[in-house]
*Asks:* 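Pasting a structure below so you can have a look.
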Protein chains: 2
Amino acid sequence: MDQLYLQNQLCFPLYALSRQMTALYKPHLKKLELTYPQYLVMLLLWEHKNLSVKQIGCELWLDSGTLTPMLKRMEETGLLTRHRSTEDERVVNIHPTKEGRLLQKKAIGIPENIFSELSISHSELKSLKKELSAMLKSLEKK
Amino acid sequence: MDQLYLQNQLCFPLYALSRQMTALYKPHLKKLELTYPQYLVMLLLWEHKNLSVKQIGCELWLDSGTLTPMLKRMEETGLLTRHRSTEDERVVNIHPTKEGRLLQKKAIGIPENIFSELSISHSELKSLKKELSAMLKSLEKK
DNA sequence: CGAAATTAGATTGTGCACAATTAATAAAGA
DNA sequence: TCTTTATTAATTGTGCACAATCTAATTTCG
């Protein structure tokens, strides 16, 4: 029965910490008028410049039910464009606009700022990220 | 600029893994007709039998905007009761019903089952939980 | 005591998340 | 070829999450 105590649950600190970390990003992202999931999309678009909805979904582990309305909101605020591919009309390609690309400048300091708010060393952070990434990857196929 | 690559983000694997872990619980919780946040509430009620909304919120790091409608749904499905305290009428006390308490029997195997689906050792799990809990605790004051 | 500050919960509005379904298109195979 | 199967997005509906605001009740303190 011990396993059914909240304090003995594996998953709860993961769930709570994830939300608190998002909350930590919030004041920084508010300056860019981005939510955390939108920030993740912009990270991808700053790096790749052209991705399909499907590709974004694969990277972020999100489906079209989440992405379609989110990308539409981001299109409305002028961060990106959505165009159905002519080669394969099932595909919708996402590009950052100029405004979207320029937003990267404002985002440069964010990771550093977040890190400074955490009472954790760089090496601890790195190993934690590695463990979580490995665990995430192990769930890939299911 | 490297810090702005998705793969170099600390927070992303936390965010993605948290959602995937919730997804892992889903088929198990479906048998009990619970969502993951509802399961967390039931864990608390199995242990304590009488908690205020405030206390549940403190434990789970959730506010009344999330809890009030969730607890109302759980009241409707007969898992718990909501009664305003007579001593302090600002307080709403939550009790599990008999049905709610009996649901614990069905939940007993869940932690074990989840663990068996993870390719991770008991000690790794324990240390990971410890790290995440410590990090969560360090964010407590903000 | 009595006004001001604090606290607990409810409400409203926005934005994810995701299951389930649908529609359109493309690819594969008999 | 033509039918079946798979793929990609969009849509619909439900349930969190949380900011902001509101109401009512309780504490605090001059």
Side-chain angles (χ1 to χ4, degrees), chain A residues 11-12 15-27 29-30 33-42 51-77 79 82-94 139 142, chain B residues 11-12 15-27 29-30 33-42 51-77 79 82-94 139 142:
Chain A
C11 205
F12 169 69
Y15 161 79
L17 182 58
S18 172
R19 287 185 296 113
Q20 292 313 302
M21 286 299 299
T22 301
L24 213 59
Y25 275 82
K26 194 157 291 185
L29 294 177
K30 189 163 190 173
E33 296 187 275
L34 288 176
T35 65
Y36 183 70
Q38 288 173 7
Y39 171 64
L40 295 180
V41 169
M42 291 313 297
L51 290 168
S52 68
V53 174
K54 174 72 178 175
Q55 288 172 308
I56 294 174
C58 284
E59 291 288 337
L60 303 185
W61 298 60
L62 291 170
D63 74 0
S64 66
T66 301
L67 286 174
T68 297
M70 187 169 110
L71 294 170
K72 280 182 178 175
R73 277 189 292 274
M74 295 173 78
E75 184 182 36
E76 275 177 32
T77 58
L79 293 175
R82 300 163 64 249
H83 292 299
R84 203 164 277 276
S85 163
T86 48
E87 301 150 28
D88 184 339
E89 295 202 3
R90 294 169 305 181
V91 174
V92 171
N93 287 122
I94 307 297
L139 295 176
K142 317 282 171 83
Chain B
C11 205
F12 170 68
Y15 161 79
L17 181 59
S18 172
R19 289 185 296 112
Q20 291 314 301
M21 286 298 300
T22 301
L24 213 58
Y25 276 82
K26 195 157 290 186
L29 294 177
K30 188 163 192 177
E33 296 188 274
L34 289 176
T35 65
Y36 184 69
Q38 289 173 7
Y39 170 65
L40 295 180
V41 169
M42 290 314 297
L51 289 168
S52 68
V53 173
K54 174 73 178 174
Q55 287 172 307
I56 294 173
C58 284
E59 292 288 338
L60 303 185
W61 299 59
L62 291 170
D63 73 1
S64 68
T66 302
L67 286 175
T68 296
M70 187 168 110
L71 293 170
K72 280 182 178 175
R73 278 189 291 273
M74 295 173 78
E75 185 182 35
E76 276 177 30
T77 58
L79 293 175
R82 299 163 64 249
H83 292 299
R84 204 162 276 275
S85 164
T86 47
E87 301 151 27
D88 186 339
E89 294 203 5
R90 294 170 305 181
V91 174
V92 170
N93 287 121
I94 307 296
L139 296 176
K142 316 283 171 81

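Values in this document were obtained by computation on a predicted structure and should not be read as measured data. All chains are named by letter (A, B, ...) in the order of the sequence lines, taking the proteins before the strands, and each is independently numbered beginning at 1.
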*Asks:* Out of B:Val92, B:Leu62, B:Asn93, which one pairs with B:Val53 under the side-chain contact (heavy atoms from CB on, under 4.5 Å) rule?
*Replies:*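 Single side-chain contact (heavy atoms from CB on, under 4.5 Å) partner of B:Val53 among B:Val92, B:Leu62, B:Asn93: B:Val92.
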*Asks:* Please report, rounded to the nearest Å, how far the C1' atom of D:dC18 is from the NZ atom of A:Lys30.
*Replies:*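 Distance check: A:Lys30 NZ to D:dC18 C1' gives 12 Å.
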*Asks:* Reading nucleotides 4-13 of chain D from the 5' end, what letters show protein touch, with B for base, S for backbone sugar-phosphate only, - for no heavy atom under 4.0 Å?
*Replies:* ---BSSBB--
*Asks:* For A:Tyr25, enumerate each residue passing the side chain to side chain donor-acceptor pair (under 3.5 Å) test, keeping only those at least two apart in sequence or located in another chain.
*Replies:*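 By the side chain to side chain donor-acceptor pair (under 3.5 Å) rule, A:Tyr25 matches B:Gln9.
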*Asks:* Rounding to an integer number of Å, can you tell me how far B:Leu62 CG sits from D:dA19 P?
*Replies:*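 My rounded result for the distance is 12 Å.
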*Asks:* Mind calculating the distance between CD1 (A:Ile56) and C1' (C:dC16) to the nearest angstrom?
*Replies:*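 Nearest whole value for this atom pair: 15 Å.
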*Asks:* Rounded to whole angstroms, how far apart are CG on B:Leu24 and C1' on C:dA19?
*Replies:*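 Taking CG of B:Leu24 and C1' of C:dA19, I get 17 Å after rounding.
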*Asks:* Any idea which heavy atoms bring B:Met21 and A:Cys11 closest together, and the distance?
*Replies:*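 Taking B:Met21 first and A:Cys11 second, the nearest heavy atoms are CB-SG, 3.4 Å.
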*Asks:* Which sits closer to the 5' end of DNA chain D, B:Thr86 or A:Arg19, going by the nucleotide each is nearest to?
*Replies:*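 Its nearest nucleotide being more 5', the pick is A:Arg19.
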*Asks:* Quick check: closest heavy atoms across B:Ser52 and B:Val91, and the distance to 0.1 Å?
*Replies:*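 That would be CB-CG1, 3.7 Å.
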*Asks:* Regarding B:Glu87, tell me which of base, sugar-phosphate or nothing describes its non-hydrogen contacts under 4.0 Å with the strands shown.
*Replies:*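 B:Glu87: backbone/sugar contact only, no base atoms under 4.0 Å.
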*Asks:* Would you please confirm or rule out a distance under 4.0 Å between OP1 or OP2 of C:dA17 and any side-chain N or O of B:Tyr36?
*Replies:*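 No.
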*Asks:* With the side chain counted from C-beta on, respond yes when A:Leu34 and A:Leu79 share a heavy-atom pair under 4.5 Å apart, and no when they do not.
*Replies:*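 When only atoms from C-beta onward are counted, A:Leu79 and A:Leu34 do touch, with a gap below 4.5 Å.
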*Asks:* How many whole angstroms separate atom NZ of A:Lys26 from atom P of D:dA20?
*Replies:*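 Distance check: A:Lys26 NZ to D:dA20 P gives 9 Å.
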*Asks:* When the distance from CD of A:Gln38 to C1' of C:dT14 is rounded to whole Å, what number comes out?
*Replies:*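 Those two atoms, CD and C1', are 11 Å apart.
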*Asks:* Rounded to the nearest Å, what distance is computed from the CH2 atom of residue B:Trp61 to the P atom of nucleotide D:dC18?
*Replies:*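 Roughly 11 Å, once rounded to whole Å.
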*Asks:* Pick the nucleotide of DNA chain C nearest each of A:Thr35 and A:Glu89; which residue has the one closer to the 5' end?
*Replies:*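 Looking at the nearest nucleotide for each, A:Thr35 comes out on the 5' side.
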*Asks:* Please identify which of these residues, B:Trp61, B:Tyr39, B:Tyr36, B:Tyr15, meets the ring-ring contact (aromatic ring centres under 6.0 Å, His included) condition with A:Tyr15.
*Replies:*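 Result for ring-ring contact (aromatic ring centres under 6.0 Å, His included) with A:Tyr15: B:Tyr36.
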*Asks:* Return the value, rounded to whole Å, for the distance between atom CG of A:Leu29 and atom P of D:dA19.
*Replies:*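 Roughly 13 Å, once rounded to whole Å.
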*Asks:* Among pairs that include at least one residue of residues 63-76 of chain A, which meet salt bridge (charged side-chain N to carboxylate O under 4.0 Å, His left out), considering only residues two or more places apart or in two chains?
*Replies:*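 Only A:Glu75-A:Arg82 qualify under salt bridge (charged side-chain N to carboxylate O under 4.0 Å, His left out).
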*Asks:* Please pick, from C:dG15, D:dC16, C:dC18, the nucleotide with the shortest atom-to-atom distance to any side-chain atom of B:Met70.
*Replies:*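 Minimum distance to the B:Met70 side chain belongs to D:dC16.
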